[in-house]
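Values below: all heavy atoms of this structure, side chains included; hydrogens, waters and symmetry mates excluded. Order of the sequence lines sets the chain letters (A, B, ...), proteins ahead of strands, with each chain counted from 1.
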Number of protein chains: 2
Amino acid sequence: MNVKRDLETQVLMAARESNISSILFRNAISRKLGLVSTDSECLSLLSIKGVSTPKDIARFTGLTTGSTTAMLDRLEKAKFIKRRPNPADRRGVLVEINEQWTKTVGPLVEEIQQAQAELIASYSDNDLATIADFLIRFANNVKAYTHRIEESLNQPHRGIT
Amino acid sequence: MNVKRDLETQVLMAARESNISSILFRNAISRKLGLVSTDSECLSLLSIKGVSTPKDIARFTGLTTGSTTAMLDRLEKAKFIKRRPNPADRRGVLVEINEQWTKTVGPLVEEIQQAQAELIASYSDNDLATIADFLIRFANNVKAYTHRIEESLNQPHRGIT
DNA sequence: ACTTGAAAATCAAGTATCTTTATTATAAAG
DNA sequence: CTTTATAATAAAGATACTTGATTTTCAAGT
């Protein structure tokens, strides 16, 4: 029973470590490219989703819509993203990654992507299924509780400044 | 062979999803407490390491030492951290979490921590060992490549502004 | 001991980012 | 066809960040 609890603690710690190391990696890339952290969060989102809207980007980065506009102006000027009208809603725009971003960030991430692919390939099918299952459940928990916190955001705490 | 590649892709995607959902969670907490994202990165680090130095905090958050000083001033004024002299080096200070932070953030995270603990407890010992192993290796890869990028930070790209 | 060069934290000035509030245009509902 | 809500933007003000200089201390070398 103690062995079991040790294992549980190890998984918790490992999940934290993994999370922290991802933050450090993102920060390193950001400094390298002269981006602020919200910039790279935005670009991460777009890299995965392909296309998004300023509204969703604002939610993801935690920015107000005002600063999201400013951020998208920056990134568009740097040719990292493109804005185009949303055919389904003339109020809105769609934001997508521009080729320039791939060319810029590619050399910085291709090695680690290769390394992670090799790491994953070294596991058995059974193990991979277990790992994927765990990660998805873990993420789903996080999403559920994020939603709760956002819902309770109407009587906000005061800022610290 | 195709099944295997599907599984590999699933793990990659799941890892990304997990990472993204953690960012969203952190941003939600930050907005709730009126913190900027570097503040909560700093507090995360301190929650895990217990005690740290402004130098290490600067590296972790990607801030300059100058803005780290300002950030620590903010957090100290809010009673979320404490500074105390470093007995081993009179130039430096040690930074640690203050009780006030635990009391403030505790209610916001205890439910999800409970949920994650239950999720983890639902796996067999074998599975837990596999998951921990994977997460640690994954994180170690990220750390290694973060280090490389930081090393190459001497001929930096130009900022985008 | 005494210099020298480096390291840790801080400070002050300037710049950039973020929030707030208001505005424009469009959508959806009554 | 008014009313209310939503999406994005703009401008002004507040906040956070960077840069460069300063202070104190450390670690070697002489």
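- OP1 or OP2 of D:dC17 has at least one side-chain nitrogen or oxygen of B:Thr38 nearer than 4.0 Å.
- Look at B:Glu76 and B:Arg83 and you find a salt bridge, because one of the NZ, NE, NH1 or NH2 atoms lies within 4.0 Å of a carboxylate O, short of that distance.
- Listed pair A:Ser67 / C:dC18 fails the phosphate criterion, with no side-chain N or O lying under 4.0 Å from OP1 or OP2.
- Residue-level contact check: A:Gly92 touches the backbone only, with heavy atoms under 4.0 Å from sugar-phosphate atoms and none from bases.
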Item to check | Evaluation steps, side-chain hydrogen bond (donor to acceptor under 3.5 Å, both in side chains), between A:Gln114 and A:Glu118 | outcome: CA-CA 6 Å; A:Gln114 176 68 20; A:Glu118 281 171 15; 2.9 Å; yes

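- Straight-line distance from the CD atom of B:Glu41 to the C1' atom of D:dA16: 14 Å, rounded to whole Å.
- Tracing side-chain contacts under 4.5 Å through hydrophobic residues (I, L, V, M, F, W, Y), one reaches A:Ile97 starting from A:Leu108; they form part of the same cluster.
- Picking from C:dA9, C:dT17, D:dA7 the nucleotide with the shortest atom distance to the side chain of B:Pro54 gives C:dA9.
- Remark: aromatic rings of B:Tyr123 and A:Phe134 are close, center separation under 6.0 Å.
- Regarding A:Leu35, its CG atom lies at a distance of 12 Å from the P atom of C:dC18, rounded to whole Å.
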Checklist entry - How does protein contact run along nucleotides 23-30 of chain C, one letter per nucleotide 5' to 3', with B for base contact, S for sugar-phosphate only, - for none, heavy atoms under 4.0 Å? => result --BBS---

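- Both B:Lys55 and A:Met71 lie close to DNA chain C; mapped to their nearest nucleotides by heavy-atom distance, the more 5′-ward contact belongs to B:Lys55.
- Here the side chain of B:Thr65 is nearest to one of D:dC17, C:dT10, D:dA8, namely C:dT10.
- Counting non-hydrogen atoms under 4.0 angstrom, B:Thr68 reaches nothing in the nucleic acid.
- Put simply, CG on B:Leu75 is 13 Å from C1' on D:dA16, counting in whole angstrom units.
- Here C:dA9 presents its P atom at 12 Å from CD1 of B:Ile81, a figure rounded to the nearest Å.
- Note: CG (A:Asn86) to P (D:dT6) measures 17 Å, nearest angstrom.
- Note: A:Leu128 CG to B:Asp6 CG = 11.5 Å, rounded to the nearest 0.5 Å.
- Comparing atom distances between the B:Thr64 side chain and each of D:dA8, C:dC18, D:dT18 picks out D:dT18 as nearest.
- A:Lys32 and B:Glu150 are not joined by a salt bridge, as no carboxylate oxygen comes within less than 4.0 angstrom of a charged side-chain nitrogen.
- With respect to the salt-bridge test (charged N to carboxylate O, under 4.0 angstrom), the residues B:Arg84 and B:Glu96 qualify.
- The side chain of A:Thr53 places no N or O atom within less than 4.0 Å of a non-bridging phosphate oxygen (OP1 or OP2) of D:dA7.
- A salt bridge between B:Arg26 and B:Glu41 is absent, with no side-chain N of the basic residue lying under 4.0 Å from a carboxylate O of the acidic one.
- Note on B:Ile136: it does not cluster hydrophobically with A:Phe25, by side-chain heavy-atom contacts below 4.5 Å among ILVMFWY residues.
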Between the protein and nucleotides 1-4 of chain D, which nitrogen or oxygen pairs are less than 3.5 angstrom apart?
none

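- The pair A:Lys77-A:Asp73 does not meet the salt-bridge criterion, since no charged nitrogen lies less than 4.0 angstrom from a carboxylate oxygen.
- Within the structure, a side-chain polar atom (N or O) of A:Arg83 is placed less than 4.0 Å from OP1 or OP2 of D:dT9.
- In terms of position along DNA chain D, the nucleotide closest to A:Leu72 lies nearer the 5' end than the nucleotide closest to the other residue of the pair B:Gly62 and A:Leu72.
- Contact annotation: B:Arg74 side-chain N/O to D:dC17 OP1/OP2 distance is under 4.0 Å.
- Distance CG (A:Asp39) to C1' (C:dA16): 11 Å, rounded to an integer number of Å.
- Atom CG of A:Asp73 is separated from atom C1' of C:dC18 by 14 Å (rounded to the nearest Å).
- Taking atom NZ of B:Lys77 as the reference point, atom C1' of D:dT15 lies 12 Å away to the nearest angstrom.
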